[in-house]
Amino acid sequence: MDILELLELKKSFLSPDACLRPVIDIQRFNLPAGAQTAVMGESGLGKTTLLNLISGILAADAGQILVGGRDMAKLSEAGRDKCRGRSIGYIHQTFNLLQGFSAIENVLLAMAFGRGMDPPRARALLDRVGLRDRLNDRPRQLSSGQQQRVAIARALANQPSLVLADEPTGHLDPANAREALALIREVCAETGAALLLVTHDREILAGFESVVSLAAMNRAMDSAKSA
Amino acid sequence: MMTGATLRAITLIVRRSLRQHAVSTLVTAASVALAVGLLMAVFSINAQTYRAFTGGPVGFDAVLGARGSQIQLVLNTVFHLETSPGNIPWSLYESIRRDPRVRLAIPYAVGDNFMGFRIVGTIGDLFSQFQFAPGGRAFDPAKNEAVIGQVVAEKTGLRVGSVFSPFHGVNFDENMRHADEFVVAGVLQTSHSPSDRVIWIPIDGVFHMTGHVLRGTGETYQPRPGEEIPAEHKEVSAVMLKLRNPQAGFMLDQSINRQGRVATLAWPIGLVMAELFDKMGWMYRILQMVAWLIVGVAGATVFAGVYNTIQERRRDFAILRALGARRRTVFSAVVIESAAITALGAAASFLVYGALLAGAAAVIRAQTGVVLDALYFHPALILGPIGAVALGGAVGIVPAIKAYATDVAAHLAPVS
C-alpha cells in the first residue's frame with residue numbers, strides 16, 4: 001500500500017515579471033508505506049516546494065496528493081493543518097526549532113497540534129535520539145547536531161506515517177551529518193514511518209536504495225528547459 | 001473548537017513569550033496597572049466622598065444659620081470647613097429650640113482653634129450623638145473643660161486631663177493665643193466623621209473667652225469673667241437641628257428661607273451637599289477624563305509592545321503552523337498574550353488602587369475627618385480590571401491578524 005501518491009500535481013508561482021512560472025508538474029509518484037526514498041535535485045529546482053505541497057503548507061494548483069489515502073489537495077487549509085499535524089513529520093534543513101522553548105517543549109508543542117501532549121513519550125523520544133540529559137536546554141544551548149536530533153524527535157512526535165526531510169544534513173559537519181542521517185533512517189524504520197528525503201548531496205544519496213531524480217519526475221523542468 | 005492540547009499549547013506559547021519579553025511585559029503591565037488603579041481610585045474615591053458628604057454620619061437633619069449660602073453654612077457647621085457666614089441672635093436659637101417641629105436644637109459658636117483644629121462652643125446635649133473613649137466624659141458647662149475628637153487627640157497629643165489654650169480665629173496663628181485655659185474632660189470615640197477633628201467646649205466658654213465681643217443686639221458687648229451674659233447679647237454661629245419629621249423640614253424651609261429674611265435653613269443637609277458635588281462635578285469629570293486618557297495610553301502601549309514583537313516572531317509562527325497549528329491558534333495565542341499582559345497589569349492595579357486610596361484617605365481624613373473605607377466596593381473594582389483585559393484582547397487583534405497572515409513557506413527559509 002502507498003502512503004504517498006502524487007497524481008498530476010501542478011504548482012506555479014508568479015515571477016517578478018508577472019509571468020506564471022511552473023515549478024512542479026509531476027504526473028505520478030508513489031511512496032510505499034515504510035519505504036525510504038531520496039529525491040535528488042540541485043538547489044532551486046523546487047525540492048522544498050514539493051515537500052511543502054505534500055505537507056499541505058502550500059496548496060497545489062491542480063492534481064492529487066494522497067497521504068494515507070486522503071487527498072491533501074482537496075482539504076481546506078485547516079484540514080491540511082490537521083492532517084500535517086497528525087500524519088506528517090517534517091525535518092527542515094535549518095532545524096526550525098522554536099528558540100524560546102526547551103527541547104522537550106519543542107516536542108510537546110508538535111504533539112499539541114497532533115495527537116495531544118504526551119510528556120512521557122516526548123521524554124522517550126528525546127532519550128531515543130540521545131538527548132536524555134538535555135531535555136530542558138534551549139536550542140541555543142545545543143550544538144547543531146543536537147538541534148537536529150531535537151528536530152528528528154519532534155518530527156516523530158505524533159507517530160507520523162510519513163516523514164519529510166528537506167536537506168536534513170545541510171547545516172551539519174560531515175560526521176554529524178552521517179550520524180543524523182543514520183538516526184533519521186533508524187527511527188523511521190523503528191516506527192514504520194515512510195521517509196521522503198530531498199537532497200542534492202550525492203554522498204547521502206549513495207546510502208539510499210531508492211533514489212529518484214526530481215528533474216526526471218518533474219515535467220515543469222522540461223518546460224523550463226525549453227523556455 | 002480548540003482541543004485541550006491546543007489550549008495547553010497556547011498557554012505555553014503565551015508564557016514563553018511573556019518570559020522572553022519580560023522587560024517590555026513588565027513595563028507594559030505597569031502602565032496598565034497605573035491606568036486601571038487610577039481609574040478605580042477616581043471612581044471609588046468620588047463615590048465614597050459623595051456618600052460621606054451627602055449621607056454620612058452627620059446626625060442632624062438641618063442647620064440654621066445667618067442669611068446667606070446654604071452650602072457655606074453646611075460646610076462650616078457640619079464639615080468644619082470654610083468660614084462662618086455670620087452669626088444669628090440667641091433669641092433665634094431659643095425660638096427654634098421651642099418650636100414643636102424640632103426634636104433637638106444644638107447651638108454652635110465658632111471662631112477659635114487649637115493648632116488648626118476648630119473649637120466649637122456648644123451644649124452638653126450634643127454628646128447624646130457620640131460615644132466617649134474609656135475614661136472620658138462630657139464637659140461641665142460651668143467649667144473651662146473640653147471634649148476632643150479622635151483625630152485631634154491623635155494629632156495634638158491631647159489626652160484626658162491635658163490643659164490647652166485656644167487660639168483666636170479658625171486658622172492657626174501662634175500670635176493669637178487666648179489667655180484662657182481648658183482641661184480635656186473626654187475624648188470621643190471615632191465617628192469617621194468631621195466631628196473627629198473638632199474640640200468642643202461649653203458655649204459659655206466661647207462667650208467668655210478673653211477678647212471676644214458679642215453683638216447679639218447689634219452693639220458691641222464685652223462679657224466680664226463670671227458675669228451672667230444677658231440673652232440679648234448672646235449670638236451663635238449656627239444651630240444644628242433634628243426635626244420630628246420631613247414635613248417639619250419642608251414647613252421650616254418655607255417659613256425661614258422663603259418668607260423670612262433673618263436666617264437660612266440648610267435642609268436637608270445631604271441635598272445641600274449633593275448640590276455642592278453637582279457644582280464641583282466638572283472637576284470629577286476632568287479627573288475621569290485624565291484617567292480614561294491614561295487607560296487609552298496604556299492600551300496603546302500594549303498594542304505597540306505586542307505589535308513590535310510580531311515581526312521578530314513571524315518565523316516562530318511559521319514553525320508552529322508547519323507543526324500543524326492552525327491560523328486561528330496563532331491568532332488566539334497573540335490575542336491571549338495581549339490580554340494576559342493587561343491581566344497582569346489589572347492584578348497589579350489593585351496595589352496601585354490601594355496606594356492611591358490610602359493616600360487620598362489620609363489627606364481627606366486630615367482635611368475633613370471623613371474616613372474612606374479601604375474595603376468599599378465600587379463596580380469599577382470589577383469592571384475596571386475586566387475592561388482592561390477585554391481592551392488588551394481587543395488591541396491584540398491587529399497584531400494577531402498580522403500573525404494570522406504569516407506566510408509559512410516564506411518564513412521557513414532557506415528553500416532548497
Side-chain angles (χ1 to χ4, degrees), chain A residues 13 41-53 55-58 76-90 92-102 105-118 138 154-155 157-158 166-167 170-171 198-200, chain B residues 1-25 306 309-334 336-337 340 401 403-416:
Chain A
F13 289 109
E42 296 305 312
S43 295
L45 287 187
K47 300 193 296 292
T48 300
T49 301
L50 174 63
L51 295 192
N52 283 346
L53 285 168
S55 65
I57 288 173
L58 288 176
S76 64
E77 187 182 60
R80 296 200 307 270
D81 293 338
K82 187 176 179 182
C83 186
R84 179 167 64 249
R86 284 178 167 264
S87 310
I88 300 172
Y90 201 150
H92 303 266
Q93 180 180 350
T94 51
F95 323 136
N96 279 335
L97 297 179
L98 294 157
Q99 296 299 312
F101 298 76
S102 66
E105 286 169 345
N106 267 278
V107 178
L108 284 170
L109 274 172
M111 289 176 164
F113 305 121
R115 296 175 193 280
M117 287 189 184
D118 184 350
R138 303 284 178 84
R154 186 180 66 179
N158 292 306
D166 184 1
E167 299 276 12
H171 271 56
V198 299
T199 184
H200 69 279
Chain B
M1 279 292 289
M2 285 187 190
T3 63
T6 305
L7 288 175
R8 283 171 67 193
I10 289 176
T11 307
L12 182 60
I13 293 164
V14 170
R15 271 176 38 214
R16 286 291 170 272
S17 176
L18 294 182
R19 201 170 71 178
Q20 265 186 297
H21 308 100
V23 174
S24 74
T25 297
V306 175
T309 66
I310 296 301
Q311 193 60 34
E312 67 183 69
R313 293 166 63 196
R314 294 189 94 164
R315 184 177 165 83
D316 278 5
F317 293 134
I319 294 169
L320 288 168
R321 294 289 321 283
L323 292 176
R326 298 183 196 178
R327 284 187 192 273
R328 70 177 187 206
T329 304
V330 171
F331 179 90
S332 303
V334 176
I336 290 172
E337 181 180 327
I401 289 172
Y404 179 95
T406 298
D407 182 338
V408 180
H411 287 87
L412 287 178
V415 173
S416 59

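In terms of heavy-atom proximity, L323(B) sits nearest to A110(A) at CD2-CB, 4.0 Å. Heavy atoms only, all atoms of each residue included: A409(B) and L58(A) are closest at CB-CD2, 3.9 Å. Taking every heavy atom of both residues into account, N96(A) and I319(B) meet most closely at O-CG2, 3.2 Å. Contact record, L109(A) with A9(B): CD2-CB, 3.7 Å, taken as the closest heavy-atom pair. The two atoms that bring F113(A) and G324(B) nearest to each other are CB-C, 3.7 Å, heavy atoms only.
Between the side chain of R84(A) and the backbone N or O of A322(B) there is at least one donor-acceptor pair closer than 3.5 Å.
Shown here are the salt bridge (Lys or Arg N to Asp or Glu O under 4.0 Å) partners of R314(B), two or more places apart in sequence or in another chain: there are none. Residues passing the salt bridge (Lys or Arg N to Asp or Glu O under 4.0 Å) test with R327(B), sequence neighbours excluded: E77(A).
With respect to D81(A), the salt bridge (Lys or Arg N to Asp or Glu O under 4.0 Å) criterion is satisfied by exactly one of R328(B), R321(B), R326(B): R321(B).
Between the CD atom of Q20(B) and the CD atom of Q99(A) there is a distance of 9.0 Å, given to the nearest 0.5 Å. Between atom CG of residue L412(B) and atom CG of residue N52(A) there is a gap of 7.0 Å, rounded to the nearest 0.5 Å.
If you measure heavy-atom distances from L12(B) to chain A, the contacts under 4.5 Å come from both the backbone and the side chain. When heavy atoms are compared at a cutoff of 4.5 Å, R154(A) approaches chain B solely by way of its side chain, counted from C-beta outward. For I88(A), no part lies near chain B; criterion is any non-hydrogen pair under 4.5 Å.
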